[in-house]
Amino acid sequence: MRIVFIGPPGAGKGTQAERLIAVYGLAHLSTGDMLRAARDAKTEIGLQAESYMAAGQLVPDDVIVAIVAERLKAADCAAGFLLDGFPRTIAQAEALDRMLHERGTPLDVVLELRVPEEELFRRLAGRGRADDSPEVIRQRLVAYRQQTEPLLDYYEKKGLLKVIDGLGPVDEIFARIKAVLDPWTG
Ligand code: ADP
């Protein structure tokens with residue numbers, strides 16, 4: 001299965017992603033994790049990305065697209081993958097379409113984990129990551145609304161989008177995701 005997982009910061013995507021990859025044996029491609037690792041290792045890409053991440057802004061498309069293109073070549077992606085945090089812009093989505101078309105491995109489904117904005121603020125305020133200060137949180141939500149939300153329409157038009165209600169206990173939300181994936185997993 002090849003899945004794109006979309007949701008605003010604080011939606012609980014990370015928690016659900018961990019379960020998804022464990023249950024379905026998917027490679028987990030989290031661009032946030034990849035960028036944090038690059039930043040901590042002080043690689044060239046990490047140094048380029050650092051200031052954007054600290055400000056809650058998106059890293060430039062060409063940087064992130066190159067990272068994902070490279071990662072998709074790894075052997076563990078052949079059996080299926082969960083893209084988590086990518087694509088985040090229409091340009092990234094178009095680049096992904098091109099990559100997957102070249103490989104002959106189109107997406108199966110795009111999951112949107114939907115959570116109302118008031119609830120996101122409440123959750124993020126209690127989390128305490130370095131880029132979780134109120135101003136940076138606000139900026140990440142703005143980036144989501146302006147740059148990532150248009151993807152929902154993009155994938156809806158392709159008939160790929162499935163919306164998951166992200167409110168409620170973690171187990172219940174995972175059950176909703178599993179139910180949506182039933183047609184692929186039997
Ligand atoms: P969040 O908790 O906001 O969902 P992530 O852990 O996915 O954040 O990513 C953290 C930061 O890494 C983002 O705020 C952004 O600066 C950068 N980033 C991650 N993925 C992408 C992407 N696909 N395009 C551009 N920037 C990205």
Side-chain angles (χ1 to χ4, degrees), residues 2-21 26-72 77 81-100 107 110-152 154-155 164 166-167 170 173 177:
R2 291 174 295 274
I3 305 175
V4 163
F5 200 15
I6 300 181
K13 217 159 32 82
T15 307
Q16 298 296 334
E18 290 306 329
R19 295 197 173 198
L20 265 165
I21 56 160
L26 305 170
H28 186 195
L29 277 56
S30 160
T31 45
D33 287 351
M34 292 179 211
L35 289 172
R36 279 186 286 277
R39 179 196 61 196
D40 295 348
K42 299 195 181 339
T43 65
E44 198 182 322
I45 282 173
L47 295 174
Q48 276 177 27
E50 191 168 19
S51 59
Y52 296 98
M53 295 170 75
Q57 287 167 3
L58 296 187
V59 171
D61 288 333
D62 54 339
V63 174
I64 200 82
V65 165
I67 294 176
V68 173
E70 198 50 42
R71 179 66 183 85
L72 278 172
C77 292
F81 51 79
L82 180 72
L83 278 166
D84 173 1
F86 178 93
R88 257 180 162 89
T89 65
I90 295 281
Q92 291 178 17
E94 289 171 348
L96 177 65
D97 281 346
R98 284 193 295 273
M99 284 182 238
L100 295 182
L107 290 174
V110 174
L111 303 174
E112 180 205 357
L113 192 57
R114 192 172 285 182
V115 174
E117 194 145 304
E118 319 80 78
E119 172 69 9
L120 296 175
F121 267 105
R122 225 176 45 76
R123 294 184 187 178
L124 288 164
R127 197 159 81 169
R129 210 167 71 189
D131 56 351
D132 277 350
S133 75
E135 178 48 29
V136 177
I137 290 173
R138 203 191 56 78
Q139 183 51 49
R140 297 216 320 272
L141 287 169
V142 167
Y144 183 78
R145 267 204 309 272
Q146 294 183 345
Q147 292 168 277
T148 306
E149 268 184 2
L151 289 183
L152 301 174
Y154 177 88
Y155 284 125
I164 311 289
L167 287 179
V170 169
I173 297 166
I177 294 175

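The figures that follow rest on heavy atoms only: side chains count, while hydrogens, waters and symmetry mates do not. Whatever order the structure lists ligands and atoms in, that order sets their numbers, starting from 1.
The closest protein non-hydrogen atom to atom 23 (N) of ligand 1 is Gly85 O, 2.9 Å. The protein heavy-atom contact nearest to atom 10 (C) of ligand 1 is Arg36 NH1, 3.6 Å. Counting only heavy atoms of the protein, atom 26 (N) of ligand 1 lies nearest to Val59 N, 3.0 Å. Looking only at protein heavy atoms, the nearest one to atom 2 (O) of ligand 1 is Arg129 NH2, 3.2 Å.
Between the side chain of Arg88 and the backbone N or O of Gly85, at least one donor-acceptor pair lies under 3.5 Å. A donor-acceptor contact shorter than 3.5 Å is absent between the side chain of Glu50 and the backbone of Ala38. Put simply, the side chain of Thr89 never gets that close to the backbone of Gln147: no donor and acceptor are under 3.5 Å apart.
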| query | Passes side chain to side chain contact (heavy atoms under 4.5 Å, CB included), Tyr154 versus Val110? Steps please. | reply | CA-CA 11 Å; Tyr154 177 88; Val110 174; over 6 Å; no

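Short contacts between ligand 1 and Thr31, defined as distances under 4.0 Å to a heavy atom of the residue, involve ligand atoms 19 (C), 20 (N), 21 (C), 23 (N). The ligand atoms of ligand 1 that sit less than 4.0 angstrom from a heavy atom of Ile64 are 21 (C), 22 (C), 23 (N), 24 (N). The atoms of ligand 1 that sit less than 4.0 Å from any heavy atom of Leu35 are 12 (O), 17 (C), 18 (N), 19 (C), 27 (C). Interface atoms of ligand 1 facing Gln92, defined by a heavy-atom separation under 4.0 Å, are 22 (C), 23 (N), 24 (N), 25 (C). Within the listing of ligand 1, atoms 25 (C), 26 (N) sit less than 4.0 angstrom from a heavy atom of Leu58. Taking every heavy atom of Gln57 and a limit of under 4.0 angstrom, the matching atoms of ligand 1 come to 15 (C), 16 (O).
Nearest heavy atoms, Pro9 versus Arg140: CB-NH2, 3.6 Å.
Separating the CD1 atom in Ile3 from the CD1 atom in Ile21 is a distance of 11.0 Å, to the nearest 0.5 Å. Between Glu18 atom CD and Leu82 atom CG the span is 9.5 Å, to the nearest 0.5 Å. Here the CG-CE distance, from Leu72 to Met99, works out to 6.0 Å after rounding to the nearest 0.5 Å.
Relative to atom 19 (C) of ligand 1, the option among Gln139, Arg140, Arg88 with the closest non-hydrogen atom is Arg88.
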